[in-house]
Every structure is written in structure tokens, then in C-alpha cells.
**Q** 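The structure under discussion is supplied below as C-alpha cells; questions concerning it will follow.
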Amino acid sequence: MQKTSNNRDVKHNNRLDTLRAILASGRISQPALAARLGHSGPTVLQNVRELMAQGLVSEAGVFDSTGGRKAKAFAPVYDARVSVGVEITRTHLRVVLIDLAGNLLYHQRHKLPFAMTAAYLAAMGEFVEAALRMQHVELARLLGVGVSLPGIVDREGAVLTSSHVLRLYNVKTENFSCSLPFRCFFINDANSAGLAEVYNHDSRDSLVYLSLSNSVGGAVLTGGRLYAGDHQRAGEFGHNTLVPGGRRCYCGKQGCLDAYCNATVLSELTDGSLAAFFERLRAGDARCRAAWGDYLDYLAVAVNNLHMSFDCDVVAGGYVGSYMEEFAANFRELLAARNTFEADGSYFRFCRHKVGASAIGAALLPVEDFLQQI
């Protein structure tokens, strides 16, 4: 029985590896698949046939001959299944749809202040239903809904144990899905953004993801997996003390990183609009330029601390992180000046997902659950 189980696991893993390789390549031949995976040609062909039978892969013509018979091309049926991601914040609700490769099919951000009420939950359900209608998604193709929450979610995704942002404690996550008649998954918002950052990309590397939104959070990933910590609190970088006795944080303590590097530090200068802040910065506004300089100085201390602690690349994402590639060209120089071991800041990376990373990461949960079962 053990041998039979092991053989079944090997076959499943081979089939899954084959699908991931096809999803990543877009269009690939059997010989190229065999070379990439290190599998025999017959094994690859058998896996491809099984995936075609499930409607996940299709034939896509042939490649030009290199001297012998033309090789058949195989391609993923990206939208054979789709997944919904919902991001809940204090002031907005975001809904996305992704395909099996994590490609963004739909995105909409709704201004909807959070309230744990029937009206709020009904509105969330209506926004999800509207997205499915607009994208003509049949229920047979829907894998489920992933929901990102700004707070600590337990290991099973069953309880939101603490959310200062939403002012909720020990709330069952099923309460959020009463208007979503689909299979639902729940995850911390920064963790989900970190997962989106590494999905199908650098999955073998270790990475620290720093989320710079209206609150500051983060995620620690290694081998494409989250390190959650003993109490699911790993990555709560926003509550690292940056300035002892400094500014008051929303958590009630003083000097937290969040008090210096959340997005509202900047947007409060432009009537709550972060986009307007960066528009004024682009135009050379002196007040915004000074505030941005102070912000980057504090951020450089935090990022250097993370690099010294984890000895791996650090990515800045979230609302502010999405602007940094344009407005923080010299940031690596600030980091190099603080680096203890070499004058180098190249470990810092700008985020891949400029919009909706937390929602995309949440939507990946139903996708991964499905892939593990093919």
C-alpha cells in the first residue's frame, strides 16, 4: 500500500510539474518539456494527454523543423479555470479575477468603508457577482474566492484573530463569506501580496516582502512558501520600533515603523490622495519633495534592518511601493551607505505587481488548491 501511494504521489507531482512548465512557457514542444523537466519523452506525453483530457492543455500547431519531424506544440488553456480575489481594507474593497497562471483578467477597486454589517457584506457579494457576469464566467470554471484581510489570520484560515485596522478580534472568517456562495479561502493581506510577488517567479529564493500601504506589513518567503511564525505573526514589520519614543502608532505604541512609512504619511499632504502626492512630487513641489526625502530616509533604515536580519532580497510593495520604481531611483544608494558588509544596495527590488497584489495573492489560494488535486 505504501508503494502504491508513493507511485501515485510521483505521478501526481510529475503531472503537476508538467502543467506548471506549460503554464510558464505559454507554448512548448514535447522534447523541450522533457529537457526542462528531466523526464522521459513517453512520461511527458502521457502527462500531456491526461492534462488535455482535463481541458487544461491543448495542441497549438507545430514548431518549425530543425531537420527532422516537426514537433507538436502544446499550450495551456489559461482560462480553463478562474479564481476571484477580494481585498478588504478600511476604506476600499478590491475585486480581481485571475487565470491558472495568475494572469490578471479583471480588476476593480470600490470605495467602500468597512463595516461588519449585512449591507457591507451584501455589497461585497454583489461586486463579486458583477465581476463574474462581466467576464462571462460559468460557475463550473470558478475555483473559488480568496479574501485578504488586514490582520492576523490563524493557520487554518478560520479565524481573524486580530485586526487593529478593522477593529475586529477573534472573528470567524466564515462571517465574511455569508454573501459569497462559493468556496472561500482567507489570508493576511501582506502575506497574500508576498505570495503574488514570488508566484511563478524566483520560487526557489528567499525573499522579504514589505507592504507600504495605509498600514505597514510584510511577509517572509523561502522556497515559494510563507514563513508564518509560531503565532502567524511573522512579517509584522510595521510594529518594529524604528524611533524609540517617537510618533504614536495606531497600535498605541510609540516609534513603530508604521507611524513613519505608511502611505497616509504622504497622502495626508494632498487631501488623502496618494496619486495626487506623487503628481505634485513629479511637478517639483518643495513640500512634497521634503516629505518624500524624509520618508525614504526612514525607509532605508527599515529595509537595511530587514536585509541584515534575513540576508536576502527585499521587495517594497503596497501603495507606496508601486510608485518607487519611478520616484526612488536613488534608493539603492541610501541602502548601500548603510550596508555593513559591502557598499551595495542591489538586494532591493521594486515590486512586480503595481496594482492589487493582495487580491491577486488571495486569488492564488483557490488556484493552488486546484493544482494540488489534478
Side-chain angles (χ1 to χ4, degrees), residues 20 23-24 101-104 148 187-213 215-229 232-242 256-258 260-263 292 295-362 364-365 368:
R20 288 194 193 279
L23 286 169
N103 298 314
L104 189 62
S148 82
I187 188 173
N188 166 267
D189 55 354
N191 283 345
S192 59
L195 284 175
E197 188 68 28
V198 302
Y199 196 71
N200 287 336
H201 183 78
D202 288 345
S203 60
R204 293 169 296 177
D205 297 341
S206 295
L207 181 77
V208 169
Y209 183 87
L210 180 61
S211 177
L212 304 169
S213 292
S215 59
V216 176
V220 181
L221 301 109
T222 182
R225 296 181 179 275
L226 285 165
Y227 170 72
Q232 303 300 110
R233 298 172 191 158
E236 286 293 323
F237 305 131
H239 301 294
N240 288 352
T241 300
L242 185 68
C256 293
L257 170 60
D258 192 289
Y260 293 85
C261 289
N262 72 60
W292 183 233
Y295 184 97
L296 292 181
D297 285 340
Y298 287 122
L299 184 61
V301 174
V303 170
N304 178 71
N305 287 345
L306 292 175
H307 183 58
M308 291 298 106
S309 298
F310 294 97
D311 189 27
C312 64
D313 284 2
V314 179
V315 173
Y319 299 161
V320 178
S322 67
Y323 287 96
M324 287 189 67
E325 194 163 7
E326 177 182 356
F327 292 97
N330 68 330
F331 188 62
R332 290 190 177 98
E333 297 174 15
L334 297 178
L335 297 175
R338 290 191 170 276
N339 193 329
T340 300
F341 300 106
E342 57 269 322
D344 178 33
S346 62
Y347 65 84
F348 176 80
R349 289 158 40 184
F350 302 110
C351 60
R352 295 168 60 214
H353 295 286
K354 310 299 186 190
V355 175
S358 291
I360 292 170
L364 288 171
L365 299 182
E368 272 302 302

**Q** Considering all heavy atoms of both residues, which atom of Ile360 and which atom of Ala196 are nearest to each other, and what is their separation?
**A** CG2-CB, 4.1 Å

**Q** Measure the shortest side-chain to side-chain distance between Ser322 and Val355 over non-hydrogen atoms and say whether it is less than 4.5 angstrom.
**A** no

**Q** Counting distance only, does the side-chain N/O of Ser192 pair as donor-acceptor with the main-chain N or O of Gly361 below 3.5 Å?
**A** no

**Q** In the structure I gave you, are the side-chain heavy atoms of Tyr347 and Val303 within less than 4.5 Å of one another anywhere?
**A** yes

**Q** For Arg332 and Arg349, work out which heavy atoms get closest and say how close.
**A** NH2-CA, 4.0 Å

**Q** Within the structure provided, determine whether Leu335 and His307 are in side-chain contact (heavy-atom separation under 4.5 Å).
**A** no

**Q** Flag the pair Asp311 / Phe341 as yes when at least one side-chain heavy-atom distance between them is below 4.5 Å, and no otherwise.
**A** no

**Q** If you look at every heavy atom in Leu207 and Val198, which pair is closest and at what distance?
**A** CD2-CG1, 3.3 Å

**Q** Considering only heavy atoms from C-beta outward, does the side chain of Val320 approach that of Leu299 to under 4.5 Å?
**A** no

**Q** Please report the closest heavy-atom contact between Phe350 and Ala328, naming both atoms and the distance.
**A** CZ-O, 4.0 Å

**Q** Under 4.5 Å between any side-chain heavy atoms of Met324 and Leu212, yes or no?
**A** yes

**Q** Rounded to the nearest 0.5 Å, what separates atom SG in Cys261 from atom CZ in Phe237?
**A** 13.5 Å

**Q** Could you tell me the separation between the OG1 atom of Thr340 and the CG atom of Asn304, rounded to the nearest 0.5 Å?
**A** 6.0 Å

**Q** Among Val220, Asn188, Ile187, find the residue that satisfies the side chain to side chain contact (heavy atoms under 4.5 Å, CB included) test when tested with Leu226.
**A** Ile187

**Q** Taking the side chain as every heavy atom from C-beta outward, state whether Val216 and His239 have any atom pair closer than 4.5 Å.
**A** no

**Q** Distance-only, no hydrogens or angles: does the Asn330 side chain make a donor-acceptor pair with backbone N or O of Glu333 under 3.5 Å?
**A** no

**Q** Atom CG in Asn262, atom OH in Tyr295: separation rounded to 0.5 Å?
**A** 7.0 Å

**Q** Which of parallel (below 30°), tilted (30 to 60°) and perpendicular (above 60°) describes Phe348 and Phe331?
**A** perpendicular

**Q** Working to the nearest 0.5 angstrom, can you tell me the gap between Leu257 CG and Glu236 CD?
**A** 11.0 Å

**Q** Does Ser211 use its side chain to pair, donor to acceptor, with the backbone of Gly317 at less than 3.5 Å?
**A** no

